Q: 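First the structure, then my questions, so here it is.
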Number of protein chains: 2
Amino acid sequence: MLTVSEISKSANVTADSVRHYVRIGLLKPERNPDNGYKLFKTDDVKKVRFIRQAKGLGFKLNDIKKIINHSHKGESPCPIVRKIIEQHIEENKTKLAELNALQKRMENALKKWQSMPDGEPDGHAICHLIESVNNY
Amino acid sequence: MLTVSEISKSANVTADSVRHYVRIGLLKPERNPDNGYKLFKTDDVKKVRFIRQAKGLGFKLNDIKKIINHSHKGESPCPIVRKIIEQHIEENKTKLAELNALQKRMENALKKWQSMPDGEPDGHAICHLIESVNNY
DNA sequence: TTAACACCTAGGTGCGACACACAGGTCAAG
DNA sequence: CTTGACCTGTGTGTCGCACCTAGGTGTTAA
């Protein structure tokens with residue numbers, strides 16, 4: 001049986017991550033009746049490693065919970081795993097497009113501002129730099 | 001004097017956004033003594049538009065608060081505006097690199113899995129698809 | 001006058017994945 | 001028995017709203 005710090009070192013994650021996984025029900029350690037400390041099975045190390053592996057593929061903790069539940073009930077999680085990652089691929093494409101657009105807006109703004117002086121508040125504009133940029 | 005819904009329509013944002021800006025102190029409406037309703041000045045419409053403009057350039061509400069405070073105190077916000085956007089440009093580069101890497105990991109995984117069948121839980125692996133992927 | 005109804009309000013909570021803070025417990029060395 | 005390093009569980013903060021709840025408002029219709 002492992003304590004929080006022991007399992008966190010074995011699985012190479014922070015103790016806070018382990019505690020978080022417990023809080024959201026991904027891990028369900030027993031408790032030391034003497035002091036209430038969490039006590040994990042050695043198998044939980046594998047579980048934590050699985051969680052990190054899945055997170056590395058973009059799965060959210062909530063997804064991972066479902067996957068583990070499926071597996072635990074003897075059902076194959078593979079169909080939902082494929083479905084979820086397809087969704088994430090699409091969502092991430094959208095996000096990337098947004099962030100790329102933002103990046104361009106920021107770089108264009110910075111470039112434009114290089115030829116503009118700092119301005120003192122004049123009662124009209126809050127910041128003439130920001131307000132000089134096109135809306136979109 | 002404008003109510004929440006009136007200012008939200010004028011500035012083309014949701015009423016919840018307006019309420020949020022009030023909660024974090026970006027807007028400080030007066031109150032109708034009869035019912036406690038928020039009452040905004042017509043100038044607050046400009047302020048909300050400024051907030052959205054700044055948000056569109058990647059400024060966080062906290063940044064915007066500082067910018068407005070500077071301006072309100074008669075100090076030029078321009079120096080910090082330039083500084084903040086430079087930081088955001090760097091941070092966003094990092095984020096983009098991470099998301100691009102994630103995207104590749106996800107696409108590679110999905111491709112690899114196309115030649116793999118769904119597996120039933122066998123007591124060893126939680127999901128053999130996820131566990132078959134290289135860690136990084 | 002009153003009832004119905006659409007629309008509005010303030011403020012509480014939830015989201016995601018932890019990090020951080022806090023007050024206190026544990027344990028080996030001296 | 002004390003010091004000190006290290007550990008514990010739990011509460012809160014992050015970010016920008018969206019959603020929820022319980023109730024108020026205001027216009028119209030009977």
Side-chain angles (χ1 to χ4, degrees), chain A residues 1-40 47-48 50-68 84 87-88 91-92 95 98-99 102, chain B residues 1-40 47-48 50-68 84 87-88 91-92 95 98-99 102:
Chain A
M1 303 293 272
L2 307 166
T3 65
V4 169
S5 75
E6 287 167 350
I7 193 175
S8 70
K9 281 163 193 162
S10 298
N12 201 32
V13 300
T14 68
D16 276 325
S17 292
V18 173
R19 294 196 183 97
H20 182 60
Y21 300 157
V22 174
R23 280 201 259 211
I24 66 172
L26 260 177
L27 295 171
K28 290 171 187 164
E30 296 175 28
R31 295 286 176 153
N32 182 332
D34 292 343
N35 49 26
Y37 285 16
K38 302 172 179 76
L39 290 177
F40 299 88
K47 202 164 171 182
V48 174
F50 175 78
I51 292 169
R52 305 305 283 206
Q53 173 80 2
K55 261 177 58 66
L57 286 172
F59 290 88
K60 294 173 189 171
L61 294 183
N62 225 321
D63 301 327
I64 298 171
K65 205 169 170 182
K66 288 177 196 163
I67 293 166
I68 292 178
I84 292 171
Q87 284 173 6
H88 287 339
E91 289 167 9
N92 202 45
K95 202 169 195 173
E98 284 170 7
L99 289 188
L102 171 60
Chain B
M1 302 294 272
L2 306 167
T3 65
V4 168
S5 74
E6 287 167 350
I7 193 175
S8 70
K9 281 163 192 162
S10 298
N12 201 31
V13 300
T14 68
D16 276 325
S17 293
V18 173
R19 292 197 184 97
H20 182 60
Y21 300 157
V22 174
R23 280 200 259 210
I24 65 172
L26 262 176
L27 295 171
K28 290 170 187 163
E30 296 175 28
R31 297 286 175 151
N32 182 332
D34 292 343
N35 49 26
Y37 285 15
K38 301 171 179 75
L39 289 177
F40 299 89
K47 202 165 172 182
V48 173
F50 175 79
I51 293 169
R52 305 306 283 207
Q53 173 82 2
K55 260 176 60 65
L57 286 172
F59 290 88
K60 294 173 189 170
L61 295 183
N62 225 321
D63 300 327
I64 298 171
K65 204 169 170 182
K66 289 177 195 162
I67 293 166
I68 292 177
I84 292 170
Q87 283 173 7
H88 287 338
E91 289 168 9
N92 202 45
K95 202 169 194 173
E98 285 170 7
L99 289 188
L102 171 61

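Numbers restart at 1 for each chain; the letters A, B, ... are given by sequence-line order, proteins then strands. From a predicted model like this one, the values you see are computed outputs, not experimental measurements.
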Q: Check whether any side-chain N or O of K55(A) sits under 4.0 Å from OP1 or OP2 of dC18(C), and answer yes or no.
A: yes
Q: Strictly distance-based, threshold 3.5 Å: is any side-chain N or O of K55(B) a donor or acceptor partner for the main-chain N or O of I64(B)?
A: no
Q: Could you state the atom-to-atom distance from CD1 of I24(A) to C1' of dA17(C) in whole Å?
A: 8 Å
Q: May I have the distance from R31(B) (atom CZ) to dT9(C) (atom P), rounded to whole angstrom?
A: 12 Å
Q: Side chains of L102(A) and E98(A): closer than 4.5 Å at any heavy-atom pair?
A: no
Q: Just wondering, are more than 12 heavy atoms of other shown residues or ligands nearer than 6.0 Å to CG in N35(A)?
A: yes
Q: Nearest whole angstrom, please: distance from the P of dA17(C) to the CD1 of I64(A).
A: 8 Å
Q: Looking at L39(B) and R31(B), what are the two nearest heavy atoms and their distance?
A: CD1-C, 4.2 Å
Q: Figure out the CZ/C1' separation between R23(A) and dC15(C), and round it to whole Å.
A: 15 Å
Q: In whole Å, what is the span from the CD1 atom of I51(A) to the P atom of dA17(C)?
A: 11 Å
Q: Within less than 4.0 Å of OP1 or OP2 of dG16(D), is there a side-chain N or O belonging to S17(B)?
A: no
Q: Hey, is the side chain of T3(B) poking within less than 4.0 Å of OP1 or OP2 on dT9(C), counting only N and O atoms?
A: yes
Q: Check the phosphate of dA17(C) against Y21(A), side-chain N and O only, distance under 4.0 Å to OP1 or OP2. Yes or no?
A: no
Q: Any side-chain N or O of K60(A) under 4.0 Å from OP1/OP2 of dA17(C)?
A: no
Q: To the nearest Å, give me how far apart CG (D16(A)) and P (dG11(D)) are.
A: 14 Å
Q: Salt bridge or not between R19(A) and D16(A)? Use side-chain N to carboxylate O under 4.0 Å.
A: yes
Q: On DNA chain D, check which nucleotide each of T14(B) and N62(B) is closest to and give me the residue with the more 5' one.
A: N62(B)
Q: Taking OP1 and OP2 of dC17(D), is either one under 4.0 Å from a side-chain nitrogen or oxygen of R52(B)?
A: yes
Q: NE2 of H20(A) versus C1' of dA17(C): gap in Å, rounded?
A: 4 Å
Q: Give the nucleotide from the list dC17(D), dG16(D), dG9(D) with an atom nearest to the side chain of R19(A).
A: dG9(D)
Q: Hey, could you give me the CZ/OH distance between R52(A) and Y21(A), rounded to the nearest 0.5 Å?
A: 4.0 Å
Q: Base, sugar-phosphate, or nothing for K9(A), non-hydrogen atoms under 4.0 angstrom?
A: sugar-phosphate
Q: Please report, rounded to the nearest Å, how far the C1' atom of dC8(C) is from the CE atom of M1(B).
A: 18 Å
Q: Are there any protein N/O atoms within less than 3.5 Å of an N/O atom in nucleotides 22-25 of chain D, and if so, which ones and at what distance?
A:
none

Q: Can you tell me if K65(A) uses its side chain to pair, donor with acceptor, with the backbone of I24(A) under 3.5 Å?
A: yes
